[in-house]
Colleague: 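Below: one structure in structure tokens.
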Number of protein chains: 2
Amino acid sequence: MIYNMPKKKQIVSDLSTEEKIKEAARKVFTEKGYAAARTRDIAEEAGINLALLNYYFRSKEKLFDEIMLEKMQQLFGVMFPIVSDETLPLENKIDLIVQNYIDMLIKNPNLPLFVLNEIRNPSKTFDKNFPISKMLKNTSLVNQIKEARPDLNPVHFLLNILGMTIFPFIAKPIFGHVGLITEKEFTSLLNERKKLIPVWIKAILKSK
Amino acid sequence: MIYNMPKKKQIVSDLSTEEKIKEAARKVFTEKGYAAARTRDIAEEAGINLALLNYYFRSKEKLFDEIMLEKMQQLFGVMFPIVSDETLPLENKIDLIVQNYIDMLIKNPNLPLFVLNEIRNPSKTFDKNFPISKMLKNTSLVNQIKEARPDLNPVHFLLNILGMTIFPFIAKPIFGHVGLITEKEFTSLLNERKKLIPVWIKAILKSK
DNA sequence: ATAATTATTAATCATTTGATTAAAATACTT
DNA sequence: AAGTATTTTAATCAAATGATTAATAATTAT
């Protein structure tokens, strides 16, 4: 045993203490969720004294709120600029949404499960005027979908795009645990889907 | 104030004590997840003394394991008989899977988020020969999809069916919180999807 | 009816966990 | 260099929480 070895999972880096804690909190919170995450886990992961967590962030909940806001922006931020672009044709919007989401989610695979899971806790305040609500009002995308399919609620198509794109990441634990598919095969499938989902969505939009 | 009133949220019934505890555990675990659920919550919900929980189930984890197994069977049990039916044509399989899932999930809206969320905890043993693995080996459904689209990995289509069907329930908290859609509108959308998703899946299977 | 078994309760334990405190170390200012 | 402010640490607290125990009540068997 060698002394002064970095502890098992520490994030050893030259980041500021505050940023080390946030980085560790991102990891622990998204992996375990708020309730299962212990402040001691975060402190150890960050390689800092537990008291520093409270020194910089006051409480576990305050720290969580910062990370949660960040993660929600990360998750919803992908759609927002594309959805509201008035010049981009519908087909390009679909291409971009799917590709950008899959690229981002490959780098942050447990982001959707984390956010969607924590959101249902009613204690956490949830800003009413968050992207989603705007996304479904009178954005360019929704209007374009309405034009293409006036007979159906446009929410159907949003659910289809997001469902096909995001669901694989939510269902991943099953495939992983079962050992049915390797990490490599999974990524390969996802890359195929970047091209396929837009084709399918367009087929759906035309289907009568 | 009247005495002997049932406490706020108790499940007061003529069930056996053991079944009362299980019923309460189903509710509390699926609502809050394992980590956030306290044994005291479950005891109160069941209207029993805390010690009885341990008397009947030894520990929180043992109780959880029973509920979890049950919930996984509930979630995956919908697909299994349909998927392996050798006589049923592909189109009917799709119809049945989508309809049965939506009907079941309307009654158990937070089932998918609960199961998918708890599954990722590696400590929980996860049976390797669970439905899912069989579902993707050489079942009738997979063979039929291969026949319809030999050019693509059949997993794509499973992800599409399940994504379009299950994702709305996972994403529901967002819509709910934002107040974008009422409970009634949501159910109405879901009922529309029972007919629409099969149409869309068939369009996808034909799309080139 | 009495004994034995099973079910239920109140009280208590032992750990875990979020948070605080007071002292020590480090950095910054003048 | 001395003093001040900031950062970090070890020790500790208080509350929460899963679990147990010993006594009591209810049920079942003899």
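Each chain gets a letter, A, B and so on, in the order the sequences are listed, and its residues count up from 1.
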Colleague: One thing to verify: whether A/E19 and A/R26 come together as a salt bridge, which I'm taking to mean a side-chain N less than 4.0 angstrom from a carboxylate O.
Modeller: yes
Colleague: Tell me, with the steps shown, if B/D41 and B/K27 meet salt bridge (Lys or Arg N to Asp or Glu O under 4.0 Å).
Modeller: CA-CA 10 Å; B/D41 296 336; B/K27 190 183 173 201; over 6 Å; no
Colleague: When only distance counts, do a donor and an acceptor, one from the side chain of A/R38 and one from the base of C/dG18, lie under 3.5 Å apart?
Modeller: no
Colleague: Would you mind reading off the distance between A/L50 atom CG and D/dA14 atom C1', rounded to a whole angstrom?
Modeller: 15 Å
Colleague: In this structure, how many angstroms lie between the C1' atom of C/dG18 and the CZ atom of A/R58, rounded?
Modeller: 13 Å
Colleague: Given atom CG of A/N54 and atom P of C/dA19, what is their separation to the nearest angstrom?
Modeller: 5 Å
Colleague: Give the nucleotide from the list D/dA10, C/dT9, C/dG18 with an atom nearest to the side chain of A/K60.
Modeller: C/dG18
Colleague: Quick one: label A/F57 by what it contacts on the DNA or RNA (base, sugar-phosphate, nothing), any heavy atom closer than 4.0 Å.
Modeller: nothing
Colleague: Counting side-chain heavy atoms from C-beta on, which of C/dT8, C/dT20, D/dT17 comes nearest to B/T17?
Modeller: C/dT8
Colleague: Can you see whether B/F29 has B/K60 sitting over its ring - NZ or CZ less than 6.0 Å from the centre and within 45° of the normal?
Modeller: no
Colleague: Choose from C/dA10, D/dA10, D/dA19 the nucleotide whose nearest atom is closest to any side-chain atom of B/S59.
Modeller: D/dA19
Colleague: Which of these nucleotides, C/dT9, C/dA19, D/dG18, is closest to any side-chain atom of A/R40?
Modeller: C/dA19
Colleague: Quick one: B/D65 CG to D/dG18 P, roughly how many Å, whole number?
Modeller: 15 Å
Colleague: Should B/K172 and B/E183 count as an ion pair when the cut-off is N to O under 4.0 Å?
Modeller: yes
Colleague: Is the phosphate of C/dG18 approached by A/T39 (side-chain N or O, under 4.0 Å from OP1 or OP2)?
Modeller: yes
Colleague: Nearest whole Å is fine: how far is D/dT7 C1' from A/Y55 OH?
Modeller: 5 Å
Colleague: Which part of the nucleic acid, if any, lies within contact of A/A37, taking any heavy atom under 4.0 Å across all strands shown: a base, the sugar-phosphate backbone alone, or nothing?
Modeller: sugar-phosphate
Colleague: Write down the atom of B/Q74, the atom of B/M104, and the distance for their closest heavy-atom approach.
Modeller: O-CE, 3.4 Å
Colleague: Which whole-number value in Å describes the distance from B/L52 CG to D/dA19 C1'?
Modeller: 13 Å
Colleague: Could you tell me the separation between the CG atom of A/L63 and the P atom of C/dG18, rounded to a whole number of Å?
Modeller: 11 Å
Colleague: Mind calculating the distance between CD (B/E61) and C1' (D/dG18) to the nearest angstrom?
Modeller: 12 Å
Colleague: Where the side chain of A/Y56 is defined as all heavy atoms beyond and including C-beta, which of D/dT7, D/dT9, D/dT20 is the nearest nucleotide?
Modeller: D/dT7
